[in-house]
Amino acid sequence: MKKNKSVLILEDDVLIALQIQEELEKIGNVDYHIVDTKSAVQKFLDTQRFQLIIFNLRLIDGWLNVEHIRRLRKVSDQLLLTTGYNDLE
């Protein structure tokens, strides 16, 4: 039996997070966690490793910086940056 892939999603936009979730569910065999704040990310970084971390540079409680990215690299070899600009902001 295949082991599920573990993915951490750092995204503050609910619609984007749901879209990523939907795509992961299509793939199947994926365990994922969605978080929208830097403080929520911390509990995962202290307890788990991930095959992939998909992250936005800006979360609800602020921007990720170089030190945050270094911490992400310690728990996953694959990082995928997703970012954009909403003209309503």
Query raised in the report: Is there a donor-acceptor pair closer than 3.5 Å between any side-chain N or O of S76 and the backbone N or O of L72?
Result: no
Query - Heavy-atom side-chain proximity of L10 to N56 below 4.5 angstrom - result: no
Query raised in the report: Nearest 0.5 Å, what's the CG-CG distance between D12 and L57?
Result: 10.5 Å
Query raised in the report: So does Q42 have more than 12 non-hydrogen atoms from other groups sitting under 6.0 Å from CD?
Result: yes
Report task. Say whether Q21 and E25, considering side chains only, have a donor N or O and an acceptor N or O under 3.5 Å apart. Result -> yes
Requested in this report: Answer yes or no: is there a side-chain heavy-atom contact under 4.5 Å between Q51 and Q78?
Outcome: no
Query raised in the report: Is there a side-chain contact between K38 and L64, using heavy atoms and a 4.5 Å cut-off?
Result: yes
Requested in this report: Following the transitive rule for hydrophobic clusters with a side-chain heavy-atom cut-off under 4.5 Å over Ile, Leu, Val, Met, Phe, Trp and Tyr, establish whether L81 and F44 coincide in one cluster.
Outcome: yes
Requested in this report: Please examine the side chains of L80 and F55, heavy atoms only from C-beta on, and report whether any two atoms are closer than 4.5 Å.
Outcome: no
Requested in this report: Using the salt bridge (charged side-chain N to carboxylate O under 4.0 Å, His left out) rule, take D46 and R71 through it: C-alpha gap first, then chi angles, then the decisive distance, then the call.
Outcome: CA-CA 10 Å; D46 292 338; R71 289 283 325 270; 3.2 Å; yes
Query raised in the report: Does any N or O in the side chain of R73 come within less than 3.5 Å of the main-chain N or O of D77, such that one atom is a donor and the other an acceptor?
Result: yes
Requested in this report: Report the residue from L8, V7, D31 that forms a side chain to side chain contact (heavy atoms under 4.5 Å, CB included) with F50.
Outcome: L8
Query raised in the report: When clusters are formed by joining ILVMFWY residues with side-chain heavy atoms under 4.5 Å apart, either directly or through shared neighbours, do V41 and W63 land in the same one?
Result: yes
Query raised in the report: Nearest heavy-atom pair of E11 and D36: which atoms, and what distance?
Result: O-CB, 3.3 Å
Query raised in the report: Is I34 close to L18 at the side-chain level, that is, under 4.5 Å between some pair of heavy atoms?
Result: no
**Report entry** Passing option when I9 is tested against I20, V35, T82 for side chain to side chain contact (heavy atoms under 4.5 Å, CB included)
**Finding:** I20
Report task. Check the hydrophobic clustering (I, L, V, M, F, W, Y; side-chain heavy atoms under 4.5 Å; chains of links allowed) and say if L79 and Y32 are grouped together. Result -> no
**Report entry** Student check: side-chain heavy atoms of V75 and I53 closer than 4.5 Å
**Finding:** yes
Requested in this report: Measure the shortest side-chain to side-chain distance between L52 and K5 over non-hydrogen atoms and say whether it is less than 4.5 angstrom.
Outcome: no
Requested in this report: Evaluate side chain to side chain contact (heavy atoms under 4.5 Å, CB included) for R70 paired with E67, printing each intermediate quantity in order.
Outcome: CA-CA 5 Å; R70 286 186 180 132; E67 288 305 315; 2.6 Å; yes
Query raised in the report: So do Q48 and S6 actually touch side chain to side chain, heavy atoms under 4.5 Å?
Result: yes
